Amino acid sequence: MSTAVRPVGGSYDPARTTGGGLAAELDRLEAQAALSFPEELRILRELGMGDGATEPGTGTGATVLELGAGPGAVTRRLRAALPAGTALIAADIDGELLAHAAGPGVTLLVADGADLPLPDASVDFVLLRYVLQHVPDPAAVLAEARRVLKPGGRVACTEVDSALWGAAEPSYPELAGVHAKMAAAQRADGGDRSIGRRLPRLLRAAGFDEVVLRPFATTNDDHPTDAFAPQLGPQRLEPLVARGVLSLAELALAADRWNRFRSDPDAWVMLLGLTAAATAPAGRGPQETA
């Protein structure tokens, strides 16, 4: 009997991203979308996705490609937010994960983001949400996004930057080493948790025009502190113990500090995300030859 090998998209393996395996990761992604996507959607609409906008990729009949859709936590929210006539394509390299995104009005596409089976200039809007931090060659994915975008179409990339991502009070400097090891493990797997600061330059290097950067924040002023547990709690670190990246003592330290934080009525946390967007230019791109 053969054993199927799950394709892994760069540094992201859903089965070892959080303690509890794939089922826990599906829950984490759903909680993440519930926490921050309303703010993300506000920015996406300002950038040309949504009702009433007039830019390419925004009206009825447009085609929106969510690249790296995973299990569809955002796909379902996009489908509810976009006009009924919008064609929504959810693409991911992992077909098993993508199967969870199935639903009315969504076309599933199992494909590598750097090699999409889509025609040139066939898409109006491309969304890459927490994707580029995981791929070993972000430039190749952005080049492919530009290829499939119509002239004047938009691309939006939402990411984190490990140096800017979280601010908390009280803070625990003794956890700096734990966070550094987490980032180093992602780098070792081909990812980059500091990619947020490079998004505008990556988009310009890929030949896009009209590059803008829009930050958004989510805090426990607007959400219960426990709503941040799937992102900040020790469960995120458990797979790193299994891999030998963290010690049991480091995991226990992180768990203790999280419990202190969540029980403090004055505790405050802010998670900062970055969305960079740009426009596909008309005419020939730098990657095209005569």
Side-chain angles (χ1 to χ4, degrees), residues 11-44 68 70-77 129-131 133-134 158-186 191-197 214-241 245-246 250-275:
S11 68
Y12 181 67
D13 182 348
R16 65 172 190 169
T17 293
T18 191
L22 178 59
E25 174 63 357
L26 297 180
D27 290 341
R28 185 188 74 84
L29 293 174
E30 185 65 31
Q32 181 194 69
L35 195 65
S36 65
F37 191 69
E39 275 298 294
E40 298 173 48
L41 180 60
R42 176 184 59 80
I43 292 173
L44 290 174
V74 166
T75 310
R76 289 182 285 276
R77 289 166 169 82
R129 182 181 181 271
Y130 302 134
V131 173
Q133 65 169 290
H134 292 295
T158 296
E159 276 299 347
V160 299
D161 189 301
S162 56
L164 305 171
W165 182 65
E169 181 62 38
S171 62
Y172 302 105
E174 61 269 31
L175 292 179
V178 173
H179 297 151
K181 288 182 178 181
M182 183 179 182
Q186 187 164 333
D192 181 4
R193 283 187 64 80
S194 65
I195 198 169
R197 70 192 67 180
R214 297 287 184 266
F216 61 92
T218 309
T219 79
N220 64 339
D221 291 323
D222 302 312
H223 303 272
T225 298
D226 279 346
F228 292 80
Q231 319 310 321
L232 303 179
Q235 196 173 21
R236 284 295 308 275
L237 303 175
E238 290 175 10
L240 297 179
V241 175
V245 174
L246 293 180
E250 288 172 317
L251 177 62
L253 175 66
D256 175 77
R257 297 306 187 265
W258 170 248
N259 286 330
R260 290 189 192 184
F261 186 86
R262 65 193 293 267
S263 63
D264 184 343
D266 297 319
W268 179 81
V269 61
M270 177 184 72
L271 301 185
L272 183 70
L274 301 169
T275 296

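Everything numeric in this text was worked out from a predicted model, so none of it was measured. The first residue in the sequence is number 1, and the count goes up from there.
Here the side chains of T18 and R236 are in contact, with some heavy-atom distance below 4.5 Å. Using a 4.5 Å heavy-atom threshold, the side chains of W258 and T225 count as touching. Residues R77 and L41 form no side-chain contact, since every pair of their non-hydrogen atoms from C-beta on lies 4.5 Å or further apart. Looking at heavy atoms from C-beta onward, E250 lies in side-chain contact with K181 at the 4.5 angstrom threshold. Put simply, the side chain of R16 does not reach to within 4.5 Å of the side chain of E25, judged on heavy atoms.
Looking at every heavy atom in both residues, P230 comes nearest to A31 through CG-CB, 3.8 Å. When all heavy atoms of A163 and R197 are compared, the pair lying nearest together is CB-NH2, 3.3 Å. Minimum interatomic distance between L22 and P14 (heavy atoms only, all atoms of both residues): CD1-CB, 3.8 Å. The shortest heavy-atom contact between A33 and R129 is CA-NH2, 4.0 Å. In terms of heavy atoms, P265 sits closest to S263 at CD-O, 3.4 Å. In terms of heavy atoms, S194 sits closest to D192 at OG-OD1, 2.7 Å.
In this structure, N220 CG and F261 CZ are separated by 5.5 Å, a value rounded to the nearest 0.5 Å. Separation of atoms OG1 (T219) and CG (D222) is listed at 4.5 Å; rounding is to 0.5 Å. In this structure, OG1 on T17 lies 9.5 Å from CG on L240, to the nearest 0.5 angstrom. Summarising the geometry, atom CG belonging to L232 is positioned 11.0 Å from atom CG belonging to L175; distances are rounded to the nearest 0.5 Å. Distance check, rounded to the nearest 0.5 Å: CG of L29 to CD of Q231 gives 8.0 Å. To the nearest 0.5 Å, atom CZ of residue R257 and atom CZ of residue R262 are 15.5 Å apart.
The pair D264-R260 does not count as a salt bridge, with every side-chain nitrogen at least 4.0 angstrom from each carboxylate oxygen. Remark: R214 does not engage E39 in a salt bridge, criterion side-chain N to carboxylate O under 4.0 Å.
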Test side-chain contact (heavy atoms from CB on, under 4.5 Å) on R193 and H179 and set out the steps.
CA-CA 11 Å; R193 283 187 64 80; H179 297 151; over 6 Å; no
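At least one donor-acceptor pair under 3.5 Å links the side chain of Q186 to the backbone N or O of Q133. Remark: side-chain polar atoms of S36 are paired, donor with acceptor, to backbone N or O of Q32 under 3.5 angstrom.
The aromatic rings of H223 and F228 sit perpendicular to each other, their planes meeting at more than 60°, with 30° as the lower class boundary.
Residue F216 is tested with T158, L272, L271 for a side chain to side chain contact (heavy atoms under 4.5 Å, CB included); the sole match is T158.
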